[in-house]
Amino acid sequence: MPFGNTHNEMKLKYASAKEYPDLSKHNNHMAKIITPAIYELLRKRQTPSGFTLDDVIQTGIDNPGHPFIMTVGCVAGDEETYEVFKELLDPVIEDRHGGYKPTDKHKTDLDPAHLKGGDDLDPDYVLSSRVRTGRSVRGFCLPPHCSRGERRAVETLSIQALDTLSGDLKGTYYALKNMSDAEQQQLIDDHFLFDKPVSPLLLASGMARDWPDGRGIWHNENKTFLVWVNEEDHLRVISMQQGGNMKEVFNRFCTGLTKIEKLFKERKHEFMWNEHLGYVLTCPSNLGTGLRAGVHVKLPNLSKNAKFEEILKKLRLQKRGTGGVDTAAVGGTFDISNADRLGFSEVELVQGVVDGVKLLVEMEKKLEKDQPIDSMIPAQK
Amino acid sequence: MPFGNTHNNFKLNFKVEDEFPDLSKHNNHMAKVLTKEIYGKLRDKQTPSGYTLDDVIQTGVDNPGHPFIMTVGCVAGDEESYEVFKDLLDPIISDRHGGYKPTDKHATDLNFENLKGGDDLDPNYVLSSRVRTGRSIKGYTLPPHNSRGERRAIEKLSVEALTSLDGEFKGRYYPLKSMTDAEQDQLINDHFLFDKPVSPLLTCAGMARDWPDGRGIWHNDAKSFLVWVNEEDHLRVIAMEGGGNMREVFRRFCVGLKRIEEIFKKHNHGFMWNEHLGYVLTCPSNLGTGLRGGVHVKLPKLSTHAKFDEILGRLRLQKRGTGGVDTASVGGVFDISNADRLGSSEVAQVQLVVDGVKLMVEMEKKLEKGEAVDSMIPAQK
């Protein structure tokens, strides 16, 4: 039978124990969950497009751990990965997403009217506000596995959809491979350009293949709404602006996203979504909403307080450096965002950021005046 | 690797033009040779282990070019790659190996006694001498493609073979994954340690998967004979020492290599070899002898002479920096080695190095005395 996943057949001639990876120095979700029994059960399988167990876990084998973050250590190559390899991925999802069970249902809420407040975060502290999510286009394999033909088809569909946007969402697409030096410099200055992945987490899963073919950036004229095509996910949709008006950022985010989704549906390529996992994305950590809503906020005093980490945890928030997921904070300015993705709606997560950051800024102001904050520490959300 | 070959079925739904890579900015042997016609003809093929055309060329697609070297831009995943994809690889081999034709035969000569001279290169100029080659073990797929089970089996076979060596070859195996800090420091001081590949030429071809599992270094007690297991090839065999006695280095190389080959043959796992391509290795540039015989030599004056590169070309020699294949030279000290691999024997290639380096040192000495070297410039070998 031509093109059965032939190398998988060859590997099966070795006993499972001989093929089982050495995870003795590893600390990621995959390494915590996988066992020789799970490996043995799943290694015979493949998705319809030929993604295998070894493909799922390769990035976690090649990247034992990270100093700042607990990495997931596995990726999906297509929508079916989450079904075919559920014996591994369900426990990984449960571990990563606060006990989310295989029977749980995820709710989607992209109605910005449901957000309370969020237009008055103090701009003396909150330097910028941003909401991002990812979307996968049904019918195509995901970035770790897609071919050039698939990737280019995703790009073509995306450009068609984005070109129909109008009003304040009207914009232009910049293909990475045709970019002039001037365009590139402008995008760098705007903090919009995404570069070829250098993180070994991404490289080891095959997401950088054929770079920069099929990759590009679309943004509106005001540079407040931005779409990345074929980076870590088929689409990354970003709404951002200076200052603390998260409400406006979220409004624009929901409006734009809803319009784009409609355009893709019209072209018979809706987004990958199901009622258990919500939006299906490449990395299991982004399932559900795929949403990260955050601010860059100055918290030089609070961040040195002994209870900073505890407060963040209670607020279900996460800190990062201002350079992104695997960087350190500089000068007391932090990227603060929602820690959850799955099991909460978009509105709920953004509400958590808005309310939480408001409280953190109030605490910072108290600490500036040398006043205690112990009474302000919230209960676990 | 991400290309489960079942995915080949999906890719065939896209037209050749939609899958053909964008090589417009590329300068490597693969990009020079590959056409849409060749791509169209070979894209539905696979080797028995499931290696596909896209697997062969991925590293060349991802690495457009290199400032110092003309890269090959493709790799073999198994012995059969060179047959199944001959329509692409034969022209590349011809382009890389000086017009070597599909009908040509390659001569193997590992009788060190056939080397003339080579024991008297001036140690004031020739700092060290080294000969290396690679060997692939029949019955296993190659480093871009092999599974952990295959890689470990190669390691086990290799360790058995090497630990049975005695006399001047008696030595020890150091697996990369269980190395102590002290062992690691020692190997670094001896210039023996190989590190996880960082060169994208190698990582894009999948050779760094599962690092450091199944990888290791074996060397004899005298530290003059060294074998790398599961780096870029199944085996890399190296003989080296300080000074200019290339004859002795080549003797040790040939004797040790023959002993190792005998042991593998006894276990019914001989080396991959055929009368057309000689020794079959991962990179097409290493076919034939797989041999690089070279010296570190001080040529501060000759290297700045206008005709330096021309002289090297005529002597069929190649220069590199002393850090290896993709480094620059430091302080006028160059790594000079044979440029050819296929179409001439081991003895013939080492003879060229011995004779050529001897001549270049004489030229250097002349230039030191302010004398001209034009009359010494050789004819094309």
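Residue numbering restarts at 1 for every chain, and letters A, B, ... go by the order of the sequence lines.
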Measure B/Asn63 against the heavy atoms of chain A and call it side chain, backbone, both or neither at under 4.5 Å.
neither
Can you tell which part of B/Pro200 gets under 4.5 Å to a heavy atom of chain A, answering side chain, backbone, both or neither?
neither
Please determine whether the number of non-hydrogen atoms from other residues, nucleotides or ligands lying under 6.0 Å from atom NZ of B/Lys177 exceeds 12.
yes
If I measure from the heavy atoms of chain A, does B/Asp213 come under 4.5 Å with its side chain, its backbone, both, or neither?
side chain
Of all heavy-atom pairs between A/Tyr14 and B/Ala153, which one has the smallest distance, and what is that distance?
CE2-CB, 4.1 Å
Closest-packed option against chain B by number of heavy-atom pairs under 4.5 Å, given A/Asn63, A/Asp54, A/Asp62, A/Thr47
A/Asp62
Answer yes or no: does atom CG of A/Asp181 have more than 12 heavy-atom neighbours from other residues, nucleotides or ligands under 6.0 Å?
no
Which atoms of B/Ser24 come close to chain A, meaning under 4.5 Å heavy atom to heavy atom: side chain ones, backbone ones, both, or neither?
neither
Which heavy atom in B/Ser147 sits nearest to a heavy atom in A/Glu19, and how many Å separate them?
OG-OE2, 2.6 Å
Any Lys/Arg nitrogen of B/Asp54 or A/Arg148 sitting under 4.0 Å from an Asp/Glu carboxylate oxygen of the other?
yes
Honestly, the part of A/Lys177 sitting under 4.5 Å from a heavy atom of chain B is both
If I measure from the heavy atoms of chain B, does A/Ala17 come under 4.5 Å with its side chain, its backbone, both, or neither?
backbone
Proximal component of B/Lys15, with respect to chain A [non-hydrogen, under 4.5 Å]
neither
For atom NZ of A/Lys265, is the number of surrounding heavy atoms from other residues, nucleotides or ligands below 6.0 Å larger than 12?
no
Is the NZ atom of B/Lys86 crowded by more than 12 outside heavy atoms at less than 6.0 Å?
yes
Heavy-atom nearest pair, A/Ser147 first then B/His7, reads N-CE1, 3.5 Å
From CA spacing to verdict: side-chain contact (heavy atoms from CB on, under 4.5 Å), B/Arg209, A/Ile61:
CA-CA 8 Å; B/Arg209 289 170 302 126; A/Ile61 298 170; over 6 Å; no
Evaluate the criterion salt bridge (charged side-chain N to carboxylate O under 4.0 Å, His left out) for residue pair B/Asp18 and A/Arg152; output intermediate values, then yes/no.
CA-CA 7 Å; B/Asp18 292 331; A/Arg152 290 163 179 171; 5.9 Å; no
Would you say A/Asp210 and B/Asp62 make side-chain contact, with heavy atoms under 4.5 Å?
yes
Show the nearest heavy-atom pair for residues A/Tyr39 and B/Arg148, with the distance to one decimal.
OH-NH2, 3.1 Å
Measure B/Tyr51 against the heavy atoms of chain A and call it side chain, backbone, both or neither at under 4.5 Å.
neither
Test B/Glu150 against every option in A/Lys11, A/Lys18, A/His7 by the side chain to side chain donor-acceptor pair (under 3.5 Å) rule and name the one that passes.
A/His7
